[in-house]
Protein chains: 2
Amino acid sequence: MAVTLGDVARHAGVSLATASRVLNGSARTVTEALSEKVRASAETLGYLTNAPAQALAKASGATVGVLLHDVADPYFGAIARGVWDAASEAGLLSLVASTDADPETELGAIRMLHGQRVRAIVLAGSGYTDPDAVRRIDRALDAYREQGGAVAAITDHGPGYDTVLPANRSGAAGLTGALIALGHRRIAVVTGPERLRVPAERLGGVLDALAAAGLDPAAALVERTEFSHAGGRAAIGRILAAGGPESWPTAVVALSDICAAGVLAELRDRGVAVPGRISVAGFDDIPLAADLAPPLSTVRIPLARLGAEAVRLALAAGEPQPAGGGAGRIAVPLPAEVVLRASTAPPPHD
Amino acid sequence: MAVTLGDVARHAGVSLATASRVLNGSARTVTEALSEKVRASAETLGYLTNAPAQALAKASGATVGVLLHDVADPYFGAIARGVWDAASEAGLLSLVASTDADPETELGAIRMLHGQRVRAIVLAGSGYTDPDAVRRIDRALDAYREQGGAVAAITDHGPGYDTVLPANRSGAAGLTGALIALGHRRIAVVTGPERLRVPAERLGGVLDALAAAGLDPAAALVERTEFSHAGGRAAIGRILAAGGPESWPTAVVALSDICAAGVLAELRDRGVAVPGRISVAGFDDIPLAADLAPPLSTVRIPLARLGAEAVRLALAAGEPQPAGGGAGRIAVPLPAEVVLRASTAPPPHD
DNA sequence: ATGAAAGCGCTAACAG
DNA sequence: CTGTTAGCGCTTTCAT
């Protein structure tokens with residue numbers, strides 16, 4: 001039914017091998033005259049490479065896979081876009097898997113991507129803290145790499161991976177420093193689930209800044225929650241409920257923007273003025289951060305670049321290694337920039 | 001290097017065929033005793049189905065493809081999530097392609113997905129108005145279907161496709177009606193590019209409501225722009241620049257939420273009160289719509305469901321047809337609900 | 001520079 | 001119910 005390479009070869013009056021070399025193979029070893037004929041035949045017959053067949057024959061497909069928590073989350077949506085851009089630039093399609101930050105789901109997805117023989121896998125979600133989960137995932141990924149697969153990670157997933165490293169820690173420190181410079185002393189932080197590494201990195205930055213300012217990090221009010229809108233709402237609710245208004249923090253930094261959006265929503269519902277009564281800051285600078293009520297102060301991470309760089313990193317790893325190099329892993333640091341908007345201001349006078 | 005079905009068969013002491021039947025084939029024609037052995041062998045050997053090989057043999061892979069304008073756009077991100085959910089429920093992986101609403105890019109993506117032998121293609125972006133683009137895309141999709149592929153569309157892409165139909169027209173009419181009920185008479189509308197069909201559908205709804213209220217649709221102030229944040233900003237800028245404040249509309253409905261976010265941003269920058277001076281409404285109810293400044297009135301579309309239903313529709317089309325049916329296409333209508341929030345209010349008194 | 005032929009790993013008749 | 005045997009469409013030595 002479908003037009004095959006054989007059909008094209010016959011139509012062009014050449015052998016299967018020659019047609020393959022012209023249409024797909026990289027070796028430049030075919031006469032221009034023949035090449036032309038083959039291309040013409042392919043064109044008139046409407047030939048489309050059968051990707052599975054090609055993948056089977058060369059033991060590697062024309063796709064890359066991305067593992068992330070949720071495509072519908074603006075943070076990951078932007079990363080997925082970057083992945084698509086870099087992948088399609090390399091002529092590859094992208095498979096995106098939403099794992100809901102669940103190690104088991106992620107493991108399953110890795111196996112499926114491996115089974116697909118994707119050319120590369122990008123770990124875009126956060127790494128896990130559970131050693132057991134990490135071990136199992138590492139194993140699955142190792143098996144994949146042993147069969148020629150390439151892996152790149154966004155944010156730290158352990159020393160075994162080429163990694164694109166956004167400045168989570170220093171970004172958070174910078175943001176917290178800015179809050180302190182505004183005069184805040186009672187700063188609460190809404191962080192993410194304990195099973196993820198990214199929230200811990202960012203929290204570390206917040207504590208760094210606190211300590212640097214002579215404040216006691218151990219006394220910091222830290223609320224743990226899911227990195228989601230609902231999570232943010234719940235967390236700030238608990239913070240407010242912990243004591244009377246006089247004990248409320250004057251600023252809260254949510255370690256992810258969607259989470260901060262939830263905080264803002266809850267505060268709005270409760271009639272707590274932002275930034276009048278409490279300043280709020282987020283992290284990521286997702287697309288609509290500047291349009292929230294009020295516009296959100298945050299840390300800008302080059303989201304799309306994260307995805308694109310990770311793909312390039314993984315794809316480059318497949319290439320012949322640069323001279324002198326051992327099997328050392330590459331880390332690409334990416335800057336984070338503090339962006340102050342209307343959701344933060346000096347603390348209220350007592 | 002990799003563990004193959006043959007390895008599993010040998011290890012289990014059965015034939016290739018039997019191993020295949022147990023591990024992949026659907027036919028329930030293997031003894032429980034043998035099945036058990038095969039599964040155990042697969043488990044201990046760490047067998048992973050080679051998807052390309054399987055796809056080649058059955059002429060259809062374990063993936064579905066989604067064509068959308070931009071994964072980083074919240075509207076499409078949510079749809080992509082729905083696609084993933086339905087696909088993974090069926091044991092399939094999803095390939096998502098961002099086309100930037102460009103017909104050429106879309107055509108290229110269709111060819112690649114076809115080449116991948118994806119089980120189904122979901123057209124999640126808007127259809128085009130250019131007959132030539134439509135014809136070429138239809139052709140490419142027809143070729144794909146002739147080879148066993150299934151296609152489903154979200155929003156109208158022509159009569160040839162099973163379609164999930166969100167109530168674009170009536171939703172827009174309902175929203176506009178609500179504005180009119182609030183007392184608005186000078187309503188401007190920010191619509192999308194002419195080359196897309198979706199904006200036209202929604203605009204039709206707005207005009208319907210205007211006419212129903214005895215207002216002259218022909219007199220409506222319609223600004224065309226890209227469906228993006230920047231597009232929204234530019235459009236409202238033009239509307240305000242068209243005349244003095246006394247001639248400004250009292251309400252503007254942007255036919256997409258990101259676009260409305262841009263309108264809000266521009267208005268905020270210019271110091272125009274919303275909804276005090278001008279009411280603003282959007283369309284889609286993307287995740288952060290309720291958190292914008294001010295919370296955006298809009299039309300709620302069940303985004304994730306759109307994607308999930310489309311996948312089910314496409315997958316069901318491959319199944320044996322229900323009795324009595326011709327080749328008639330199925331249309332699944334999905335409701336749209338008007339959600340009024342703080343961005344809309346009665347017009348100012350003169 | 002081009003062609004012939006042997007697989008890649010799996011499925012699907014067809015036998016037994 | 002299970003095993004044998006052809007392919008699926010493409011890449012890739014190995015000859016020529």
Side-chain angles (χ1 to χ4, degrees), chain A residues 1-39 41-42 45-63 112 114-119 147-149, chain B residues 1-39 41-42 45-63 91 112 114-117 119 147-149:
Chain A
M1 198 70 240
V3 178
T4 72
L5 230 207
D7 297 334
V8 175
R10 199 170 314 117
H11 180 106
V14 302
S15 76
L16 231 193
T18 298
S20 171
R21 294 193 258 255
V22 173
L23 264 18
N24 309 304
S26 41
R28 263 252 141 289
T29 166
V30 175
T31 313
E32 187 50 42
L34 275 196
S35 299
E36 201 42 60
K37 270 218 294 227
V38 173
R39 271 191 230 95
S41 299
L45 294 183
Y47 171 72
L48 281 181
T49 297
N50 181 315
Q54 188 167 332
L56 174 57
K58 11 204 270 199
S60 169
T63 53
M112 294 200 68
H114 181 168
Q116 283 297 327
R117 298 298 188 269
V118 295
R119 191 105 96 215
Q147 277 159 56
Chain B
M1 200 67 240
V3 178
T4 73
L5 230 207
D7 298 333
V8 175
R10 199 170 315 119
H11 179 107
V14 302
S15 76
L16 230 193
T18 298
S20 171
R21 294 193 260 253
V22 174
L23 265 17
N24 309 304
S26 40
R28 261 250 142 289
T29 165
V30 176
T31 312
E32 187 50 41
L34 275 196
S35 299
E36 201 43 58
K37 272 219 293 227
V38 172
R39 271 191 231 96
S41 298
L45 293 183
Y47 171 72
L48 281 181
T49 299
N50 182 316
Q54 189 168 335
L56 174 57
K58 356 206 278 199
S60 170
T63 53
M112 293 200 69
H114 180 169
Q116 284 294 330
R117 297 299 187 268
R119 192 104 97 216
Q147 278 159 57

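Proteins come first, then strands; the chains are lettered A, B, ... in the order of their sequence lines, and each starts at number 1.
- Taking atom OH of residue Tyr47(A) and atom P of nucleotide dG9(D), one finds them 10 Å apart after rounding to whole Å.
- For Ala53(B), counting side-chain heavy atoms from C-beta on, the closest listed nucleotide (dC10(D), dG9(C), dT11(D)) is dG9(C).
- Salt bridge status for Glu32(A) with Arg39(A): present, with a side-chain N to carboxylate O gap under 4.0 Å.
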Do Leu48(A) and Val3(A) pass the side-chain contact (heavy atoms from CB on, under 4.5 Å) test, and can you show the C-alpha distance, the side-chain angles, and the key distance before you say yes or no?
CA-CA 7 Å; Leu48(A) 281 181; Val3(A) 178; over 6 Å; no

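- Computed from coordinates, the Leu5(B) CG to dG7(C) P distance equals 19 Å when rounded to whole Å.
- For the pair Leu16(A) CG and dA4(C) C1', the interatomic distance rounds to 10 Å; values are reported in whole Å.
- Between the CZ atom of Arg117(B) and the C1' atom of dC10(C) there is a distance of 16 Å, rounded to whole Å.
- Using a 4.0 Å cut-off, no side-chain N or O of Gln54(B) falls inside it from OP1 or OP2 of dG9(C).
- Side-chain N/O atoms of Thr49(A) and Asn24(A) include a donor and acceptor closer than 3.5 Å.
- Residue Ser20(B) places no side-chain N or O under 4.0 Å from the OP1 or OP2 atom of dC10(C).
- One finds no side-chain N or O of Asn50(B) lying less than 4.0 angstrom from the OP1 or OP2 phosphate oxygen of dC8(C).
- Closest to the Ser15(B) side chain, of the nucleotides dT11(D), dG3(D), dC8(D), is dG3(D).
- Listed pair Asn24(A) / dC10(D) fails the phosphate criterion, with no side-chain N or O lying under 4.0 Å from OP1 or OP2.
- The side chain of Arg21(B) lies closest to dG3(D), out of dT2(C), dG3(D), dC10(C).
- Atom pair Leu56(A):CG and dT11(D):C1' shows a separation of 10 Å (rounding to whole Å applied).
- Here the P atom of nucleotide dC10(C) and the CD atom of Gln116(A) are 13 Å apart, to the nearest Å.
- The CG atom of Asn50(A) sits 9.0 Å away from atom CD of Gln116(B), with the distance rounded to the nearest 0.5 Å.
- The CD atom of Glu32(A) sits 14 Å away from the C1' atom of dA1(C) (whole-angstrom rounding).
- Taking side-chain N and O atoms only, Thr4(A) has no distance below 4.0 Å to OP1 or OP2 of dG9(D).
- Atom pair Lys58(A):NZ and dT11(D):C1' shows a separation of 8 Å (rounding to whole Å applied).
- One finds no side-chain N or O of Thr49(B) lying less than 4.0 angstrom from the OP1 or OP2 phosphate oxygen of dC10(C).
- Contact annotation for Ala17(A): base contact, defined as any heavy-atom pair under 4.0 Å involving a base atom.
- The phosphate of dG3(D) has OP1 or OP2 within less than 4.0 Å of a side-chain N or O from Thr18(B).
- Among all heavy-atom pairs drawn from Asp7(B) and Leu45(B), the shortest one is O-CD1, 3.8 Å.
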